[in-house]
Amino acid sequence: MIVQKFGGTSVEDAAAMNAAIRIIERERSRTPLVVLSAIGGATNTLLGAARVAQNGRFDEATRVLNDLLERHVLILENLLDSRSRIQRILLDIRRRFEELKHLCQGIALLGELTDRSLDTVASYGERLSTAIMAETMDERGLPAVLIDARTFMITDDRFTAARPLFDELDARLKESVAPYVSAGKIVVTQGFIGSTRKGVTTTLGRGGSDYSASIIGAALNAEEIQIWTDVDGVLTADPRICPDARQLGVISFREASELAYFGARVLHPSTILPAVRKNIPVRVLNSRRPDRPGTLITANPPKSNVAVKSIASKKGITVINIQSTRMLMAYGFLEKIFSVFNRYQTPVDLVTTSEVAVSVTIDNKDRLEEIAADLAEVGEVAVYDRKGIVCIVGEQMHATAGVADRVFRALGDINVVMISQGASEVNMSLVLNEEDIVEAVRRLHYEFFPTPTAGRVAETASHEVTS
Ligand code: ADP
Ligand code: ASP
Ligand code: MG
């Protein structure tokens with residue numbers, strides 16, 4: 001079997017859903033299991049409705065939800081032929097929007113919006129897209145079976161960023177999903193959403209459908225995990241920053257993990273982990289151009305003759321510097337520092353040390369005050385906000401002389417706050433001021449990928465630079 005995951009733009013309207021169904025049909029002989037995102041923009045809309053409700057603007061929430069309902073109605077009317085099917089699913093969809101309005105009303109009355117409520121509201125997006133897709137596949141004679149992901153994707157209760165409980169969900173997938181796959185059915189399920197053991201709805205965090213796909217693929221020993229999206233594959237940079245970014249034919253699990261972790265949105269940061277565990281190839285493909293080969297992500301790709309494969313970046317980074325003369329020659333210092341981050345469950349991305357100081361970066365500032373207060377017991381603490389990370393990735397980088405020199409020459413007058421050459425040696429990460437990130441990525445891209453190769457240029461015309 002294979003897993004096929006379709007992102008928001010790949011199911012954004014009736015035409016996109018039709019294209020997705022053709023892609024699924026093409027792979028029929030490999031028994032695809034289909035993981036869907038909400039229709040493009042739906043998650044933002046749902047979360048937005050909950051937020052305006054919290055601010056007491058229930059009327060606005062209702063208006064926003066009505067627009068979203070109309071989008072779904074339009075899709076299903078353009079997809080389905082049978083009037084009775086349309087009527088049945090229309091009723092179901094209207095009922096769900098009534099539920100959503102009740103939820104928003106509750107939020108507005110209380111003036112309170114918990115992460116738990118956010119997850120419940122967000123989950124409707126994926127539940128709606130999959131309901132429409134499964135019904136359409138069924139009408140077209142495909143053996144579709146819709147399975148609610150909350151029956152198997154068991155997570156902890158960290159709402160909005162829930163972590164999968166692998167033993168439990170593996171067992172449930174094998175028990176309740178695998179039999180359908182073995183019987184040749186095309187299982188359709190939601191990405192992104194899950195449930196606690198007690199049955200409370202959770203989500204895996206924004207962009208989490210990729211992660212759902214790889215978790216399911218690993219549990220069911222898929223031959224391949226396909227991530228269908230709106231670009232030709234993994235590119236040499238974010239096409240919204242570098243419109244001439246080029247598609248990569250094949251990259252390693254390690255390269256893909258670093259890129260995803262350091263901001264290449266095309267893959268959720270955790271996507272690669274389950275695939276690595278079972279050594280399952282991941283393919284990133286363009287649902288608008290399904291005949292293109294996409295990017296293959298695998299354990300041991302053929303040795304590349306280029307040092308740098310791709311450049312990723314992320315903003316919203318905070319640098320914390322801890323200085324202490326007591327550190328000189330002292331052991332246990334790093335342990336003390338990391339125990340603070342542990343205590344507040346805040347992951348550290350980059351670390352550099354000198355004799356008297358340690359600098360770390362974090363991208364989750366929720367517990368910053370408490371962290372700084374606790375670190376102050378170890379040394380003098382300085383916090384620098386509004387930083388970003390640029391991450392240059394390539395397996396061959398460590399074996400190639402002069403990469404760092406080229407990086408610094410390309411950056412020119414851009415100030416580098418911190419440098420970390422990953423221990424894994426597939427990446428070099430630079431911390432910069434946030435406002436320099438876009439320009440730095442462009443300069444580095446121009447240095448390492450100067451002339452676009454005809455025919456290999458990703459489709460990017462519609463992308464705009466966001467900063
Ligand atoms: P989906 O809805 O299919 O999950 P996403 O918007 O989450 O799609 O991810 C695809 C987007 O990721 C692309 O449109 C592109 O703008 C962005 N992106 C960022 N970095 C890269 C990269 N290195 N390669 C490809 N796409 C990238
Ligand atoms: N729909 C969710 C989001 O927009 C999950 C996903 O698309 O991967 O974040
Ligand atoms: Mg995504």
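Whatever order the structure lists them in is the order used to number ligands and atoms, beginning at 1.
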(message) Suppose I only count heavy atoms of Ala237 and a 4.0 Å limit; which atoms of ligand 1 are within that range?
(response) 22 (C), 23 (N)
(request) Kindly indicate whether the side chain of Met133, heavy atoms from C-beta on, has any atom under 4.5 Å from the side chain of Ile39. (result) no
(message) So, taking the atom named CG in Leu69 and the one named OG1 in Thr62, what distance separates them when rounded to the nearest 0.5 Å?
(response) 12.0 Å
(message) Heavy-atom pairs closer than 4.0 Å: do any link ligand 1 to the side chain of Lys5, the backbone, both, or neither?
(response) side chain
(message) Please determine whether salt bridge (charged side-chain N to carboxylate O under 4.0 Å, His left out) holds for the pair Arg88 and Asp92, giving the CA-CA distance in whole Å, both sets of side-chain angles, and the decisive distance to 0.1 Å.
(response) CA-CA 6 Å; Arg88 182 159 43 80; Asp92 183 41; over 6 Å; no
(message) Does Lys314 qualify as a cation-pi partner of Tyr261, given the criterion of NZ or CZ under 6.0 Å from the six-membered ring centre and within 45 degrees of its axis?
(response) yes
(message) For Glu126, state whether at least one heavy atom is located under 4.0 Å from any atom of ligand 2.
(response) yes
(message) Under 4.0 Å from a heavy atom of Ser37: which atoms of ligand 2 are those, numbered in the order shown and with their elements?
(response) 6 (C), 7 (O), 8 (O)
(message) Can you report which non-hydrogen protein atom sits closest to atom 6 (C) of ligand 2, along with the distance?
(response) Ser209 OG, 3.3 Å
(request) Answer with yes or no whether Gly207 contacts ligand 2, where contact means a heavy atom under 4.0 Å from a ligand atom. (result) yes
(request) May I ask you to establish whether Arg127 and Tyr124 are in a cation-pi arrangement, using a distance under 6.0 Å from NZ or CZ to the six-membered ring centre and at most 45° from the ring axis? (result) yes
(request) Say whether, by atom type as modelled, one donor and one acceptor occur between the side chain of Arg172 and the main chain of Thr151 under 3.5 angstrom. (result) yes
(request) Check each heavy atom of Val231 against ligand 1 and say whether those closer than 4.0 Å belong to the side chain, the backbone, both or neither. (result) side chain
(message) Can a donor-acceptor pair be found, under 3.5 Å and without considering hydrogens, that links the side chain of Asn364 to the backbone of Thr346?
(response) no
(request) State whether the shortest distance between N or O atoms of Thr229 and N or O atoms of ligand 1 falls below 3.5 angstrom. (result) yes
(request) Evaluate side-chain hydrogen bond (donor to acceptor under 3.5 Å, both in side chains) for Thr114 paired with Ser117, printing each intermediate quantity in order. (result) CA-CA 5 Å; Thr114 59; Ser117 306; 2.9 Å; yes
(request) Give a yes/no on ligand 2: does Gly208 have at least one heavy atom closer than 4.0 angstrom to it? (result) yes
(request) Determine, using heavy atoms of Pro239 and all atoms of ligand 1, whether some pair is separated by less than 4.0 Å. (result) yes
(request) Could you tell me whether Arg265 approaches ligand 1 through its side chain, its backbone, both or neither, with non-hydrogen atoms closer than 4.0 Å? (result) both
(request) Quick one: look up the protein heavy atom nearest atom 4 (O) of ligand 2 and list residue, atom name and how far away it is. (result) Arg206 NH2, 3.0 Å
(message) Test your reading of the structure: does Asp210 have an N or O sitting under 3.5 Å from an N or O of ligand 1?
(response) no
(message) Please check whether Asp230 reaches ligand 1 - meaning an N/O of the residue sits under 3.5 Å from an N/O of the ligand, judged on distance alone.
(response) yes
(message) Among Val390, Leu432, Leu430, exactly one meets side chain to side chain contact (heavy atoms under 4.5 Å, CB included) together with Ile414. Which residue is that?
(response) Leu432
(request) Within a distance under 4.0 Å of any heavy atom of Gly233, pick out the atoms of ligand 1 and give their elements. (result) 24 (N), 25 (C)
(message) For ligand 1 and Val234, I'd like to know whether there is a polar contact (N/O to N/O, distance under 3.5 Å).
(response) no
(request) Determine the interplanar angle of the Tyr211 and Phe166 rings, folded into 0 to 90°, and report it as parallel if under 30°, tilted if 30 to 60°, perpendicular if over 60°. (result) perpendicular
